[in-house]
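Have a look at the structure below before the remarks.
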Amino acid sequence: MAASAAVEQVHPWGCITAVSAPCSLSAVMDEQLAGKLQKEEEKACHTQQETENDVLEVVNEGDTSDDALVAQLLQLEFDREHDRYLKVQERHANGNSKVIISLANYRSVHPALGEDDDDDEWEVEEVEVKSVPKPPVVGSKRGRRRHKPGTPTKHDPEVCGRRNVERIESFPPNFPAGDVTSPQDDFRLPNHVYTVLKQHSIKEERQSQRIHEKKEHSTQSMSLDPNTRLILFKLVNSGMLSGVNGCISTGKEASVFHAVGGSSDEMDIPSECAIKVFKTTLNEFKTRDKYVKGDHRFKGKFQRENPRKMIRMWAEKEARNLLRMEKAGISCPRLVRRREHLIVMSFIGEDQQPAPQLKVANLKEHDLSEAYHQCVHLMKQMYEECKLVHADLSEYNLLWYRGILYVIDVSQAVDPSHPSALEFLLRDCGNIVKFFRMQGVEDVMTIHELFNHVTGLEMEIGREEALLCQARLFNRKLARIEQQREMPVYDDDNEEC
């Protein structure tokens, strides 16, 4: 059987390879055909050998006229470089590990052609990782490291003591640590003592920061924030005050300072003045809206959402109440001037010594009786002539000076038309009766008798709860009557204070 004609196939690099057509089994067994195939194989091997020799000649002679040979040469070099790079990556990734990662599947050059490659031609800097020998461990079976006896460690008491002394230097500058870091004294501080000192220093630093922030943004115990100091400086520069002295009294709502009076063409300023500064901290004023809401003089002005305005309104309320009482001839401090949350008034006392409170005055029996009668007359005069109810009258808000009883702290005083005015008055009567009875004053009226005496009403005498219910009913009737007619206007309601 004659062999079919050979089919020519073009090689990618330009070499032409003859491929024989398939033949039958009988043709394969033909001796003539077998000899022909053997000759073709020998010829192909001879051709491949000549091609390799030509490549070597091109390399040696530097002839680049044949593009196909140059392309084969470049591709071979690129493949070898890629394989060398893969070998370096293998060594870097494996290291001394027992599990080896192989990249043989990604190599391009046949292993037969890559055996003669010299890895020294591809120079790659590799970092040699030297294994540091671990010190011998003398320990227990649980894995803890136990040092030999006599070896100093970080837990050694002497080492820790000296280190703790050095760490004290990192505490805040204002921490009173003393001279513990002196090189002359070998001072050592135990760990538990150092821990307590460190926690205490952190706590003190945070506390000082909070106090500093309060001093800058709100009045502290002495009510002198930057805004208040500016107002005092203006009063001194205007000549109304000659100087401001120390604090003579402080309370929950305000602080009182002593000042030396100056001169003014508008009014007569006393030689000694008292400056009442309402604190701008809002804790005590959040529950004081009940004294302002029902007062017709401040109707429409009350704004609980604006605390600064509320504090100024509180100072204005006391100034207006002082004007009413002064015009009625009641013994009280005389108003000089009001600026925002500051009130300047006359000083009750002498030589910077304020008059004592009735609670601590230590009066004799005759003076106590006189003080009681003055107090009863003062309450009735406030209710009838000033149209005011103190709402916080007690032995702490009454001063005894040269045989005269003075009433102070009238910022919460309300008008009788207030919805809770009679309730406040009943509470004042209870405080006064209780104090003078404890002092042993004779002929002290009961709470009901004093209430009827001050108001001029004829409430039924009975239990205090019953009298309180009657006062509430009377307040409701009075509120309905006042709604039908206009509120009375006093001279001080429109007067600037």
Side-chain angles (χ1 to χ4, degrees), residues 1-137 139 143 145:
M1 181 178 179
S4 60
V7 180
E8 294 184 356
Q9 185 177 0
V10 181
H11 195 271
W13 297 103
C15 299
I16 299 174
T17 308
V19 180
S20 302
C23 58
S24 61
L25 181 60
S26 59
V28 174
M29 298 300 296
D30 192 357
E31 294 182 0
Q32 184 179 1
L33 181 58
K36 186 178 180 179
L37 293 177
Q38 184 177 0
K39 291 180 180 180
E40 290 178 356
E41 289 179 0
E42 292 177 357
K43 186 179 180 180
C45 292
H46 180 69
T47 304
Q48 184 177 2
Q49 185 66 28
E50 290 180 354
T51 304
E52 293 179 359
N53 295 333
D54 293 340
V55 172
L56 295 176
E57 291 178 359
V58 170
V59 174
N60 296 328
E61 298 177 0
D63 186 11
T64 58
S65 59
D66 193 348
D67 294 339
L69 294 177
V70 174
Q72 292 181 6
L73 179 63
L74 292 176
Q75 184 64 37
L76 183 62
E77 290 298 326
F78 289 155
D79 293 343
R80 288 178 177 176
E81 291 180 2
H82 179 67
D83 292 349
R84 284 195 292 268
Y85 176 75
L86 291 180
K87 289 183 179 180
V88 173
Q89 293 295 325
E90 283 183 2
R91 288 197 295 268
H92 181 71
N94 295 330
N96 298 328
S97 177
K98 296 181 179 180
V99 180
I100 298 176
I101 299 175
S102 176
L103 301 177
N105 294 336
Y106 299 95
R107 294 178 182 174
S108 302
V109 182
H110 194 273
L113 299 177
E115 290 179 356
D116 298 334
D117 296 341
D118 191 4
D119 293 340
D120 297 336
E121 296 179 359
W122 182 258
E123 297 180 358
V124 179
E125 295 183 1
E126 298 185 16
V127 180
E128 297 183 1
V129 179
K130 297 182 180 180
S131 58
V132 180
K134 297 182 180 180
V137 179
R145 178 176 295 180

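The analysis underlying the following values was restricted to heavy atoms, covering all of them including side chains, and did not include hydrogens, waters or symmetry mates. Each residue takes its place number in the sequence, starting with 1.
Listed by chain and residue number, Tyr85 satisfy the side chain to side chain donor-acceptor pair (under 3.5 Å) test with Gln89 (two or more places apart in sequence, or in another chain). For Ile101, the side chain to side chain contact (heavy atoms under 4.5 Å, CB included) test picks out Asn94, with sequence neighbours left out.
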* Take Arg91 and Val88 through the side-chain contact (heavy atoms from CB on, under 4.5 Å) test and state the conclusion after the steps. => CA-CA 5 Å; Arg91 288 197 295 268; Val88 173; 3.6 Å; yes
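Atoms CG and NE2, from Asp79 and His82 in turn, are 8.0 Å apart once rounded to the nearest 0.5 Å. Interatomic distance, Glu77 CD to Leu73 CG, rounded to the nearest 0.5 Å: 5.5 Å.
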